[in-house]
Trainee: 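What follows is a structure written as structure tokens; I'll ask about it next.
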Amino acid sequence: MADTITITLPDGTTKAVPAGTPARTIAEAIGPRLAKAAVAARIDGEIWDLARPIRGDARLEVLTDRDAAALDVLRHSAAHILATAVRQLFPEAHIGFGPPIQDGFYYDFEVPRPFTPDDLTAIEAKMQEVIAADYPFAREEVDRPTAEQRFRDDPLKLERLAELGDDETISVYTDGPFVDLCRGPHVPGTGNLKFFKLLHAAGAYWRGDERRQMLQRIYGTAWFSQKDLDAYLHQLEEARKRDHRVLGKQLDLFSIQEAVGPGLVFWHPRGATIKWLLSRLVEDDNVANGYDLVYTPNITREELFRISGHLPHYAEAQYPPMAAAAGEADDVRYRVKPMNCPMHALVYSSRQRSFRDLPLRLSEVANVYRNEKSGTLHGMLRVRGLCMDDAHIFCTLDQAEDEIFLCLDQVDRLVRQTFGLDLEFEVSTAPADKLGDDATWRQAEALLQRALERKGIPFTIDAGGGAFYGPKIDIKFKDAIGRIWQGPTIQLDFQLPARFELEYTGADNQPHRPVMIHRAIWGTLERFVGCLIEHFAGAFPLWLAPVQVRVLPITDVQADTARALRAQYRKAGIRAEVDDRNDTLNYRIRDAEMLKVPYMAVIGQREMDQGTVAVRVRGAGRKQEIVSADAFLDRLRAEIASRTLVLGASA
RNA sequence: GCCGACAUAGCUCAGUGGUAGAGCAGCUGUUUCGUAAACAGCAGGUCCUCGGUUCAAAUCCGAGUGUCGGCUCCA
């Protein structure tokens, strides 16, 4: 074994150092400032502790607080510091896992009673003590008996230990009084953590398995600077202000009422306007692109969902059966539909189909009902009554790729171009409980990927994330503050056509089986509108705004003129209101601003005399523009027609 | 469904065992106003529901319902 090893730095220079030299020593040799800023090191692409001895030739990159990877190391160490504190305050706590996550970290504990908010305060204070002590994070590689001995009182760690293969290195990390079974790496010492906050505690199943015991998870966030921490906490605050449940109430868009039941949405007039506009938009686009409209029943004999395979798969998430109508056999049961696919399959099979009929594209904006678990419901984003902009395309296998390509095109047109949303694509492959054979699945998965590649769309793979009947392309978008939402979906299905024995007659005069593509552009109107509320923070673009113009007469003298203007605008298709309440102009302007009405048309004596309006733009402050009432109408129409996202930017 | 917290006027919230409160909104009146809150008055309550403890419960206890934060799930 060589005594001297060669370390290659990112700039290509090399250093010869004794074998076993840790990265910290090399950083110190490069410069004291680098050594001080160093958090961890990247050794041949792998993140290592600064103190870990390097045994052979390697490429080395010193990581400082400027590297994203270093933030994960810090957060992982923060989780250990949290566990260190918890173990001091609650010596009987068993430890589970404590990884870094997006924006922070958590640690799971098995404790006799859940943590209270007061506990969190005490734990945070204890963490400060651990940080002040600046215990070094010491790595040790141990054999299995030693590890079993160290963790003899931690059943969760022993379980994890038992899963490690015999060829795997078992490493433990110690910081002061705390020892953890951990792969690492960590920051040099507990004193490296300076800017953090514990956020909340919640139950979480051990190993994410609902059949196992529930642990208590503490979430926290950690950053390299006070500024970053403040910015993150501020962003959480901003997100709360945009919450569609809050805005939905403030802007009177929708409600969910206990008298009717959880997860069932009432669309109030303003919210219904948005839903109506989106439904119309997608229906118009469907019809313009070769789809046919259908309407199908909301309840069905449950046998239909036995044939489709949905009932056995999703039995607990469907509403229970209803008894048969008088005159039917006693054992007939009805169900409210949880989805439309079998209905559309029946429209397909209601007559003979020729290859000349294909592709047959059936679309329906339809309500379906799913008995989602109570704990999963969330405003409009997770509901029990869903309105889907659903469609099913029946086509030959040869046509499928083109059809998927066209679906991707429609998503691009309606979601990306119309709303300026960034899209991310994910191909979800065969799940464990799939129907059908492997070869068919691979064929279907390849087909989806080819369509994406042809459209030049990069995508990621969600292995095992597909529906039981086929793989899918899930499309996610990023909202105004960077959060990711699941929106459109395109799914390929070989199973339902077989289960419903769908056929068409080919050019060869022989029966053939079509394939089926399920697709939704908005997904559900509930979720999409909920996302849009948060994306726009309630300030919708003109074309989508429930109220587009508020006409404000300054005094009673102008009230009739204002009402006449409203009538004229409404006739032209503009959603206009008059606010002639007995309140000051300032008050009414404030009210319209808070309702996020895009335009106010103020009419005083001057405007009344000259046939003009003083236009105030939402969010633009006192800046106003005097234009003729007719010119303003033209401007509104142009801006609505262009569906522009920016007020005042038509065409 | 699981763990925890919460539920008071239309909304946001105060009220730790002794006669239920504020701000905003609403209604009425005065004011007729030039770009983000005029003034005054009035009205508004099954303190989520049911049960228990107590001389006395919004307040303490139990169950249920709903909501919120997570977990699990999401055709």
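Below, read A as the first sequence line, B as the second, and so on, with proteins coming before strands; counting in each chain starts at 1.
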Trainee: Which base sits across from B/A56 as a Watson-Crick or G-U pair, both distances under 3.5 Å?
Mentor: none

Trainee: Find the partner of B/G21: check Watson-Crick (N1-N3 plus N6-O4 or O6-N4) and G-U wobble (N1-O2, O6-N3) distances, both under 3.5 Å, and reply none if neither fits.
Mentor: B/C13

Trainee: Regarding B/G34, can its base be found pairing with the side chain of A/E607 as donor and acceptor, where the two atoms are less than 3.5 Å apart?
Mentor: yes

Trainee: May I ask you to decide whether A/D479 forms a salt bridge with A/R242, counting only side-chain N to carboxylate O separations under 4.0 Å?
Mentor: no

Trainee: So what does A/R370 hit on the nucleic acid, given a heavy-atom distance under 4.0 Å: a base, only sugar-phosphate, or nothing?
Mentor: base

Trainee: Any donor-acceptor pair, under 3.5 Å, between the side chain of A/N582 and the base of B/U31, if you only look at N and O atoms?
Mentor: yes

Trainee: Answer with yes or no whether A/Y205 presents, from its side chain, a donor or acceptor under 3.5 Å of a partner atom in the base of B/G70.
Mentor: no

Trainee: Kindly say if A/R616 contacts the phosphate of B/A36, meaning a side-chain N or O under 4.0 Å from OP1 or OP2.
Mentor: yes

Trainee: In the strands shown, is B/C50 matched to any nucleotide by a Watson-Crick or G-U wobble pair with both distances under 3.5 Å, and which?
Mentor: B/G62

Trainee: Is the shortest side-chain N/O distance from A/T555 to OP1 or OP2 of B/U32 below 4.0 Å?
Mentor: no

Trainee: Considering only the C1' atoms, how many Å lie between B/C74 and B/G1, rounded to the nearest integer?
Mentor: 14 Å

Trainee: Give me the distance, rounded to whole Å, that separates B/A14 from B/U8 when you measure between the P atoms they each carry.
Mentor: 10 Å

Trainee: Think A/K373 has a side-chain N or O under 4.0 angstrom from the OP1 or OP2 of B/C71?
Mentor: no

Trainee: Does NZ or CZ of A/R75 come closer than 6.0 Å to the centre of the six-membered ring of A/F105, within 45° of the ring's axis?
Mentor: no

Trainee: Whether A/Y314 contacts B/C73 is assessed here as follows: a side-chain N or O lying under 4.0 Å from the phosphate OP1 or OP2. Is that the case?
Mentor: no

Trainee: Name the nucleic acid region contacted by A/R618, choosing base, sugar-phosphate or nothing; use a 4.0 angstrom heavy-atom cut-off, strictly under.
Mentor: nothing

Trainee: Looking at A/H344 versus A/F394, is the centre-to-centre ring distance below 6.0 Å?
Mentor: no

Trainee: Can a donor-acceptor pair under 3.5 Å be found between the side-chain atoms of A/D556 and the base atoms of B/U32?
Mentor: yes

Trainee: For the aromatic rings, using the six-membered ring if either is Trp, is the centroid distance between A/H268 and A/F254 under 6.0 Å?
Mentor: no

Trainee: Closer than 4.0 Å, any side-chain N/O of A/Y587 to the OP1 or OP2 of B/U32?
Mentor: no

Trainee: Less than 6.0 Å separating the ring centroids of A/F109 and A/F97?
Mentor: no

Trainee: Who is the Watson-Crick or G-U wobble partner of B/G44, with both distances under 3.5 Å?
Mentor: none

Trainee: If we check ring-ring contact (aromatic ring centres under 6.0 Å, His included) with A/Y314, which of these qualifies: A/Y319, A/F468, A/F305?
Mentor: A/F468

Trainee: So does A/R382 reach the base of B/C73 with its side chain, donor to acceptor, closer than 3.5 Å?
Mentor: yes

Trainee: Using atom CG of A/D591 as one end and atom C1' of B/U35 as the other, report the distance to the nearest whole Å.
Mentor: 14 Å

Trainee: So, is A/R622 near the phosphate of B/U35, with a side-chain N or O under 4.0 Å from OP1 or OP2?
Mentor: yes

Trainee: Return no unless some side-chain N or O of A/H378 is found under 4.0 Å from OP1 or OP2 of B/G70.
Mentor: no

Trainee: In the strands shown, is B/C71 matched to any nucleotide by a Watson-Crick or G-U wobble pair with both distances under 3.5 Å, and which?
Mentor: B/G1

Trainee: Side-chain N or O of A/R217 versus OP1/OP2 of B/G4: is the shortest distance under 4.0 Å?
Mentor: no

